[in-house]
K.L.:
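To start, I am sharing the structure in question, which I have written as structure tokens.
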Amino acid sequence: MLARWTLHQLQVFEATARLGSFTRAAEELHLTQPTVSMQVKHLAKAIGVPLFEQIGKRLYLTESGQVLFKTCQEVFERLDRLEINLFELKGVAQGRLRFSATTTAKYFLPKLLTPFCQQFSGINVSLEVGSHDTILNRLNDNLDDIYIFSRLPERDDIEIRPFLCNPLVVVAPTEHPLMHKPQVTLTDLAEQPFVMRERGSATREAADQLLRQQGIPVRVKLELGSNEAIKQAVSQGLGLSILSLHSLTDRNAELQLSVLNVDHFPIHQQWYAVFPKGKVLPTVARTFIDYLLAESSQYCQVYPISIAQTIPIANLESNQQRMEAVLN
């Protein structure tokens with residue numbers, strides 16, 4: 001029976017089971033949807049048991065499918081490890097780096113990844129970006145080598161490598177009345193409507209914690225799950241917001257946003273590279289962590305963060321210049 005199975009069929013099945021969709025598996029594997037369906041059908045026929053059942057538009061693994069899916073993950077992880085071990089024996093940093101990161105990391109990761117990929121051309125990078133809960137689930141399922149968080153999971157079974165500061169600042173439209181105050185107080189904020197990230201996001205949790213500790217009620221007029229949508233809303237005068245300084249990219253200059261000089265801000269946050277305790281990191285993952293620690297230091301220092309003035313982001317030419325203006 002084993003002779004009738006192919007590695008390609010197992011790869012197609014694993015992608016379909018992981019993504020829960022023939023269509024999404026086809027997109028990931030660069031195949032057509034009928035090809036994916038046919039490969040899974042041939043595999044089920046070779047095994048002699050159904051692997052999926054479809055109820056309405058949703059796809060579910062059968063009990064046999066669950067067993068095969070777990071086995072596929074173990075097999076592919078062993079094959080990846082074999083490839084990495086062979087490269088390590090050659091003394092070459094090559095192979096596949098798998099890591100995932102929470103959404104705000106998308107603003108700085110490309111700047112770090114581009115020179116990394118140029119320096120280590122033999123490493124293929126696979127990056128997943130999602131919400132805090134999504135990345136936490138990937139950590140629980142051991143799907144990646146490294147996980148990037150701005151809010152650490154509350155657990156003691158992980159190794160932690162802080163690598164980059166993540167200051168949270170108060171953002172306003174450039175024509176806002178508070179722009180003319182040399183020092184904005186938290187009481188001033190209590191009188192303003194806010195556009196905030198959804199509850200559960202790292203940014204929202206940090207902002208709520210500070211304001212709660214200071215006894216400052218904040219009127220949240222609008223909750224949005226996207227930093228880009230929040231910046232658009234703030235620029236249209238719907239309220240102030242609290243965002244990561246990293247999210248204020250050069251492309252936002254036309255939005256006419258400013259960082260306010262507010263008591264107790266910026267909120268000092270940190271980005272962390274995380275992996276399970278006891279996990280033997282492949283050479284490519286260790287190389288990437290070392291690279292993050294070395295290269296991210298150019299963006300900011302992890303010690304005291306303060307802001308001395310109101311800064312229109314349109315006046316700053318680069319993310320590096322913005323960091324230097326805000327961080328002392």
Side-chain angles (χ1 to χ4, degrees), residues 4-47 50-62 64-84 87 94-107 109-110 112-114 116-117 120-149 225-226 228 274-275 279 282 284-285 288:
R4 290 184 288 166
W5 299 12
T6 68
L7 182 60
H8 179 63
Q9 287 175 340
L10 293 177
Q11 289 173 325
V12 170
F13 165 76
E14 188 277 335
T16 304
R18 173 167 43 84
L19 299 171
S21 165
F22 291 121
T23 301
R24 291 175 63 191
E27 292 173 352
E28 179 177 291
L29 298 173
H30 304 290
L31 299 172
T32 64
Q33 191 270 342
T35 298
V36 170
S37 300
M38 185 60 67
Q39 290 294 321
V40 172
K41 182 178 180 181
H42 287 331
L43 180 61
K45 184 177 180 180
I47 296 174
L51 301 174
F52 293 102
E53 58 181 359
Q54 189 161 353
I55 302 176
K57 294 184 178 180
R58 297 193 62 182
L59 204 60
Y60 297 89
L61 283 169
T62 64
S64 298
Q66 291 173 359
V67 172
L68 180 60
F69 178 51
K70 182 177 180 181
T71 302
C72 282
Q73 289 183 310
E74 293 172 353
V75 168
F76 293 142
E77 183 175 358
R78 286 178 177 270
L79 289 174
D80 285 344
R81 194 67 59 201
L82 171 62
E83 182 180 27
I84 290 167
F87 283 125
Q94 295 191 39
R96 183 184 179 194
L97 170 66
R98 296 177 302 180
F99 76 106
S100 55
T102 51
T103 51
T104 306
K106 68 184 180 181
Y107 293 107
L109 276 178
L112 291 172
L113 274 176
T114 298
F116 175 79
C117 292
F120 301 97
S121 58
I123 296 178
N124 296 319
V125 178
S126 174
L127 168 63
E128 291 287 336
V129 177
S131 67
H132 178 89
D133 289 341
T134 297
I135 306 307
L136 186 59
N137 288 336
R138 294 185 68 85
L139 171 62
N140 293 336
D141 294 336
N142 192 31
L143 296 181
D144 307 292
D145 299 314
I146 303 168
Y147 308 84
I148 306 297
F149 289 97
S226 161
E228 296 305 310
V274 170
F275 56 92
K279 184 180 180 72
V284 291
F288 184 60

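The shown structure was predicted, so the numbers you read here are calculated from the model rather than taken from an experiment.
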K.L.:
Please round to the nearest 0.5 Å and tell me the distance separating atom CD of E77 and atom CZ of R98.
P.N.:
6.0 Å
K.L.:
OH of Y147 to CG of L136: how many Å apart, nearest 0.5 Å?
P.N.:
10.0 Å
K.L.:
Excluding sequence neighbours, so at least two apart, what forms side-chain contact (heavy atoms from CB on, under 4.5 Å) with L29?
P.N.:
V12, A15, L31
K.L.:
Which pair of non-hydrogen atoms, one from A105 and one from I148, has the smallest distance, and what is that distance?
P.N.:
CB-CG2, 4.5 Å
K.L.:
Find the distance between OG1 (T16) and CG (L51) and round it off to the nearest 0.5 Å.
P.N.:
10.0 Å
K.L.:
Run the side-chain contact (heavy atoms from CB on, under 4.5 Å) test against N137 and tell me which residues pass, sequence neighbours left out.
P.N.:
N140
K.L.:
Would you name the heavy atoms of L10 and C72 that are closest together and state the gap between them?
P.N.:
CD2-SG, 3.9 Å
K.L.:
For residues 18-44, which residue pairs qualify under salt bridge (Lys or Arg N to Asp or Glu O under 4.0 Å), counting only residues two or more places apart or in two chains?
P.N.:
E14-R18, R18-E28
K.L.:
Side chains of residues 124-135: which donor-acceptor pairs under 3.5 Å do they make with residues two or more places apart or in other chains?
P.N.:
unit_1 : atom_1 : unit_2 : atom_2 : d
S131   : OG     : T134   : N      : 3.2
S131   : OG     : T134   : OG1    : 2.9

K.L.:
Could you state the interatomic distance from CZ (F13) to CG (L68), rounded to the nearest 0.5 Å?
P.N.:
4.0 Å
K.L.:
Around atom NZ of K279, are there more than 12 heavy atoms of other residues, nucleotides or ligands at under 6.0 Å?
P.N.:
yes
K.L.:
Mind checking what makes side-chain contact (heavy atoms from CB on, under 4.5 Å) contact with L143, not counting sequence neighbours?
P.N.:
Q73, R138, D141
K.L.:
Who are the ring pair (Phe, Tyr, Trp, His ring centres under 6.0 Å) partners of F288, not counting sequence neighbours?
P.N.:
F99, F116
K.L.:
Could you pull out the closest heavy-atom pair between A285 and D145, with the gap in Å?
P.N.:
CB-CB, 3.9 Å
K.L.:
Any heavy-atom pair between the side chains of T62 and F52 that's under 4.5 Å?
P.N.:
no
K.L.:
Distance check, rounded to the nearest 0.5 Å: F22 atom CZ versus Q39 atom CD?
P.N.:
11.5 Å
K.L.:
First locate atom OG1 of T104, then atom CZ of F149, and finally report the distance between them rounded to the nearest 0.5 Å.
P.N.:
13.0 Å
